[in-house]
Enquirer: 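Can you keep this structure in mind? I'll have questions shortly.
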Amino acid sequence: MHVKPQLKKILKEKGLTQEDLSRLSSIPQGTISRFDNQVKHPDNTLFRISRALNLSIEDLFEVIEDANDDN
């Protein structure tokens, strides 16, 4: 399975930079850059599981907000 990151397009549409995304996601900017430039590829395990179950990747996770997180 091959994936093509759409991060550049999405960031442009949202008016964000890699640095903005880094701050918002707590992912190092260097990691985002490597993904964006297809140097680092995401682990395709999640893609394979979601495809097999006919679910989105988001459906595989439950987001639990931390009551102590003031961000």
Side-chain angles (χ1 to χ4, degrees):
M1 172 190 277
H2 298 283
V3 294
K4 179 181 176 188
Q6 302 236 17
L7 192 54
K8 282 182 179 146
K9 177 183 171 187
I10 293 167
L11 289 176
K12 185 175 181 177
E13 288 172 356
K14 293 186 175 284
L16 297 171
T17 65
Q18 289 180 359
E19 187 175 292
D20 295 330
L21 180 58
S22 173
R23 188 174 75 279
L24 292 168
S25 66
S26 299
I27 296 172
Q29 192 272 332
T31 300
I32 292 170
S33 176
R34 287 188 296 279
F35 175 72
D36 196 19
N37 292 307
Q38 298 185 21
V39 174
K40 178 177 182 162
H41 299 283
D43 181 348
N44 72 6
T45 302
L46 292 177
F47 293 106
R48 292 171 60 194
I49 291 170
S50 67
R51 184 183 227 179
L53 297 173
N54 197 29
L55 296 170
S56 71
I57 291 174
E58 292 84 6
D59 290 336
L60 295 175
F61 295 92
E62 177 181 1
V63 177
I64 301 171
E65 297 296 330
D66 185 353
N68 297 324
D69 189 8
D70 294 329
N71 294 331

Enquirer: Got a sec, which residues hit side-chain contact (heavy atoms from CB on, under 4.5 Å) with K14, two or more places apart in sequence or on another chain?
Expert: I10, L16
Enquirer: Can you tell me how far the NZ atom of K8 sits from the CD atom of Q18, to the nearest 0.5 Å?
Expert: 7.5 Å
Enquirer: Taking atom CG of N54 as the centre, report whether more than 12 heavy atoms of other residues, nucleotides or ligands fall under 6.0 Å from it.
Expert: no
Enquirer: Quick one: do L53 and D59 satisfy side chain to side chain contact (heavy atoms under 4.5 Å, CB included)? Show the steps, please.
Expert: CA-CA 10 Å; L53 297 173; D59 290 336; over 6 Å; no
Enquirer: Enumerate, atom names and distances included, each donor-acceptor pair closer than 3.5 Å involving a side-chain atom of residues 20-27, sequence neighbours excluded.
Expert:
| residue | atom | partner | partner atom | Å |
| --- | --- | --- | --- | --- |
| D20 | OD1 | R23 | NH1 | 3.4 |
| D20 | OD2 | T17 | N | 2.9 |
| D20 | OD2 | T17 | OG1 | 3.1 |
| S22 | OG | I27 | O | 2.7 |
| S22 | OG | Q29 | N | 3.3 |
| S25 | OG | L21 | O | 2.7 |
| S25 | OG | I27 | N | 3.3 |

